Amino acid sequence: MKALSWLALPLLPALAWVFLKIGLVFFGGGFVAIPLTHRELVQNLHWLTEAQFVDGLAISQLTPGPVAVLATFAGYVVAGVPGALVATAAIFLPGSVLMIFLSRSYELLRKRDLARQILNTLIPVIAGLLVAASLQIARTTVAGWVDVAVLLVSLVALTKFKVNPAFLVIGGALLALARSRI
């Protein structure tokens, strides 16, 4: 394991750079970073396979701070424990610096129309990123009619009946368990 860590050292600056970039768009909720994370790690750098990305995404949904956990997972796959530490720190750095700046400037910024207009314009961008992330995940994971049915039932349950997402996750896990025993 120690030899692997030494071999991973050249990857650490690249990992830091990738997750700093992802951390820059991490506002609006973690899900907006999923399309960028997928493009960087799977399509551009080929550090993760589609299956590894979806597995990491699924694992991360079981914990608080899912995109941070995905960063930790990806960092670990790419460069072991040092990679996990670097990726996790790098994804939080831009947001932390921004919050320090905004906390000091909040009173000045909140009174400006331009700041409100910028934030209001970002909302549709964030919605688009969420839709893109959903489509990307669906393309990778929805493989049969049962998956399509689960997707549609979950969508209706969330939007029409306002079901708590935790119940859907538990239901999905139970369904998967039942299907594996059939």
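No experiment lies behind these values; they were computed from the predicted model shown.
Linking Ile, Leu, Val, Met, Phe, Trp and Tyr whenever their side-chain heavy atoms come within less than 4.5 Å leaves V153 and L151 in two separate clusters. When hydrophobic clusters are built by joining Ile, Leu, Val, Met, Phe, Trp and Tyr residues whose side-chain heavy atoms come closer than 4.5 Å, directly or via intermediates, F92 is grouped together with L15. I59 and V78 fall within the same hydrophobic cluster, where Ile, Leu, Val, Met, Phe, Trp and Tyr residues are linked whenever their side-chain heavy atoms come under 4.5 Å apart, directly or through other members. Transitive grouping of hydrophobic side chains (ILVMFWY, heavy atoms separated by less than 4.5 Å) brings L70 and L12 into a common cluster. V69 and L36 fall into different hydrophobic clusters, where Ile, Leu, Val, Met, Phe, Trp and Tyr are joined by side-chain heavy atoms under 4.5 Å apart, directly or via other members.
Side-chain contact check for V18 versus W47: some heavy-atom pair is nearer than 4.5 Å. Put simply, the side chain of I22 does not reach to within 4.5 Å of the side chain of W17, judged on heavy atoms. For the pair F19 and L41, the minimum side-chain heavy-atom distance is below 4.5 Å. At a threshold of 4.5 Å between non-hydrogen side-chain atoms, the residues V77 and L48 count as touching. The shortest distance between side-chain heavy atoms of E50 and Q136 falls below 4.5 Å. Here the side chains of V156 and L152 are not in contact, with every heavy-atom distance at 4.5 Å or above. The closest side-chain heavy-atom distance from I34 to L57 is below 4.5 Å.
Here the shortest heavy-atom pairing between A16 and A90 reads O-CB, 3.5 Å. When all heavy atoms of A87 and G75 are compared, the pair lying nearest together is CB-CA, 4.0 Å. When all heavy atoms are compared, the tightest approach of I91 to A71 is CD1-CB, 3.9 Å.
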Can you check side-chain contact (heavy atoms from CB on, under 4.5 Å) on T49 and V42, steps first, answer last? CA-CA 6 Å; T49 64; V42 177; over 6 Å; no
Run the side-chain contact (heavy atoms from CB on, under 4.5 Å) check on L158 and K162 step by step: do they pass? CA-CA 5 Å; L158 282 169; K162 310 293 188 228; over 6 Å; no
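Shown here are the side-chain contact (heavy atoms from CB on, under 4.5 Å) partners of V163, two or more places apart in sequence or in another chain: A157, F161, F167, L168.
Atom CZ of R39 and atom CG of L45 lie 11.0 Å apart (nearest 0.5 Å). The NE2 atom of H38 sits 9.0 Å away from the CD1 atom of I137 when rounded to the nearest 0.5 Å. Rounded to the nearest 0.5 Å, atoms CD1 (I123) and CD1 (I118) are 12.5 Å apart.
Other residues sharing a hydrophobic cluster with I100 under the 4.5 Å side-chain heavy-atom criterion for ILVMFWY residues do not exist; the residue is a singleton.
Side-chain atoms of E40 do not come within 3.5 Å of backbone N or O of T37 as any donor-acceptor pair. Under a 3.5 Å cut-off, the side chain of T88 and the backbone N or O of L85 do not form any donor-acceptor pair.
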